[in-house]
Amino acid sequence: MTKRIRQPIIAVLGHVDHGKTTLLDRIRRTKVAAKEAGGITQHIGATEVPIDTVRTLAGPLIKLWKGEIKLPGLLFIDTPGHEAFTSLRARGGSLADLAVLIVDINEGFQPQTIESIEILRKNRTPFIVAANKIDRIKGWKVEEDEPFLVNIKKQDQRAQQELETKLWELIGKFYEMGFNANRFDRVQDFTRELAIVPISAKYGIGVPELLVLIAGLSQKYLEQKLKIEVEGPARGTILEVREELGLGTTIDVIIYDGTLRKDDTIVVGGKDKAIVTKIRALLKPKPLDEIRDPRFRFDQVDEVVAAAGIKIAAPGLEEALAGSPVIAARSEEEVERAKEEILSQIQSVVISTGKVGVIVKADTLGSLEALSKELGEKNIPIRKADVGNISKTDVMEALSVKEEEPKYGVVLGFNVKVNEDAEEVANAKGVPIFVGNIIYKLIEDYEAWVKEEEEKKKRELLKNVTFPGVIRLYPDERYVFRRSHPAIVGIEVIEGRIKPGVTLIKQNGQKVGVIKSIKNKNDFVQEAKKGDAVAIAIEGAMVGRHIHPGETLYVDLSKNDVILLAKQLKNELDDTDIKALKMTAKVKAQQDPFWKAV
Ligand code: GDP
């Protein structure tokens, strides 16, 4: 078998509008030296920069390399505007061998920047930072496609200083997240320090250094990972499943290992099975200037060697899952092994537990795995996790959960759409749907909602529940302000609390009357607590007949009150409430044994 080092697969990620698309466009158009050096090759879902192009672009920067470069080139995944590619998997690791994290130097860290760093850290994906939009710095002199180290020399003192300040702010942010970062030309040890390349994606400034560094770092640190058996059966990851005019359902795949041949059988992940199918055609994009009829946008090829982006047309791909593995097989045995491997991978992510838990949907297997993991770490149970848009069935399933446990009766969707009929049912039945493209933000939104709901419920309960209270009338007749209609007496709250509206009972359990109002000094109040000396008006009681100075009275409680207090409002009770509850229970127990257990 021939061994060879393949192109590293590079993902560009970062916050929306920080310049991912612009950078990829720039790389695609890397014009300067591209012509003589073999240019750029467009793959399906990816762009390849051959190493000669990188070398030509590097010019004098070649000394940044330190050592021979054996890589054939760099393969950039073209991110179509979303972050899910970060969590694309290959053999349990990340599909991206290396990543470029792009940060708008004027905006600094934003939510998706942080999310990207978290995912890179979790997947242990090495990355370098592109600090973008340096041309926006006041007075910056732009020279297209110039290396940063050349361009910086042309800037006046103030612009240079401003860049320095912004870089330091960025370095500070990385430090807070546990990374030592530095401008790339000041990095001593690339295994310990994160390299920041200041660039202008719009004008191509710094892009030469970015490419050189990516190549150098891949060569130096990823060589073992990039060594492949060229002739071995191919392995890849599905980027996207899509309908193509005249081709039916096709899959866009990044091949990261081996060779894929036109007559290979492939095994790919489907919704609840492994799909085994024969390739009908391997397709790569036709050069733009050769497309005359949009129906014939692709060229057929007989084989493709890793790393490459390719479109596969084959029967039975309708149910294929984005993010799932693709494994080529050339014998029955290999088919069986591939099926097993793929099934076990899918079954660990696409789950239907029947548990009381949330419904989770995501756009790819990788992002679904990342989201589920995150939920697991937060002890949020999952009933169903699946790839695809949010459907009516998902909402109905959440509705059935809602009946058992409202806080889990929700659908969480990452990078997916909500089908129209799903939205209708959700609105009609009050099933909350949370969608977003930042995992931690999505979970935060859900958690905030749960908290809000719990507080709402508690407020509702508190409105309807009676708290225990024990009071004593002052023994002195002077504190009887009025004998009846209503009786007004001075009391002290011995334990617990009282509110207007509660019914009072005597030591023997007999009802006395209802507290109409509470006056503390000169003010009417809504509550009096242990230790408070207040005057209360009692409707329905006459002093001397029903109540007497010096007597102890209790707030009457229902069984329902006790159950609510003990179960759902436990945290609202303090020591004195508990004492009052015990004292009241003793009184009530004379008539009903239920209270003996309180
Ligand atoms: P994405 O959402 O990360 O793909 O960001 P885009 O590449 O779409 O860029 C967002 C906006 O920023 C666009 O209007 C770009 O033209 C602009 N932009 C990107 N890079 C640069 C840059 O280096 N300099 C300037 N001035 N604008 C840029």
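Remember, it's 1-based here, ligands and their atoms both numbered in the order they're listed. Since the structure is predicted, the reported quantities are computational estimates derived from the model, not experimental observations.
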* To do: Salt-bridge test for Lys166 and Glu162: reply yes if a basic N is under 4.0 Å from a carboxylate O, no otherwise.
  => yes
* **Atoms in ligand 1 with a heavy atom of His15 nearer than 4.0 Å** => 3 (O)
* Asked: Has ligand 1 got any nitrogen or oxygen that is less than 3.5 angstrom from a nitrogen or oxygen of Leu23?
  -> no
* **Any side-chain donor near an acceptor of the partner, Gln42 and Asp78, under 3.5 Å** => yes
* Asked: ligand 1 and Tyr203, any nitrogen or oxygen pair closer than 3.5 angstrom?
  -> no
* Asked: Which atoms from ligand 1 have a heavy atom of Ser200 less than 4.0 Å away?
  -> 23 (O)
* Decide, yes or no, whether a salt bridge links Arg183 with Glu164 under the criterion of side-chain N to carboxylate O below 4.0 Å. => yes
* Side chain, backbone, both or neither: which part of Ile134 has a heavy atom under 4.0 Å from ligand 1? -> neither
* To do: Give a yes or no answer on whether the side chain of Ser324 reaches the backbone of Val268 with a donor-acceptor pair at less than 3.5 Å.
  => no
* Asked: Can you tell if the side chain of Asp394 reaches within under 4.5 Å of the side chain of Asp386, non-hydrogen atoms only?
  -> no
* With atoms numbered from 1 as shown, which atoms in ligand 1 lie under 4.0 angstrom from a non-hydrogen atom of Arg136? -> 26 (N), 27 (N)
* Asked: Quick check, are the ring centers of Phe190 and Phe184 under 6.0 angstrom apart?
  -> no
* **Asp135, portion touching ligand 1 at heavy-atom distance under 4.0 Å** => side chain
* Structure fact -> Restricting to heavy atoms, the pick from Ile199, Thr21, Asn106, Asn132 nearest atom 8 (O) of ligand 1 would be Thr21
* Less than 3.5 Å between some nitrogen or oxygen of Val16 and one of ligand 1, yes or no? -> no
* To do: For Lys20 and Gly14, indicate whether the former's side chain and the latter's backbone hold a donor-acceptor pair under 3.5 Å.
  => yes
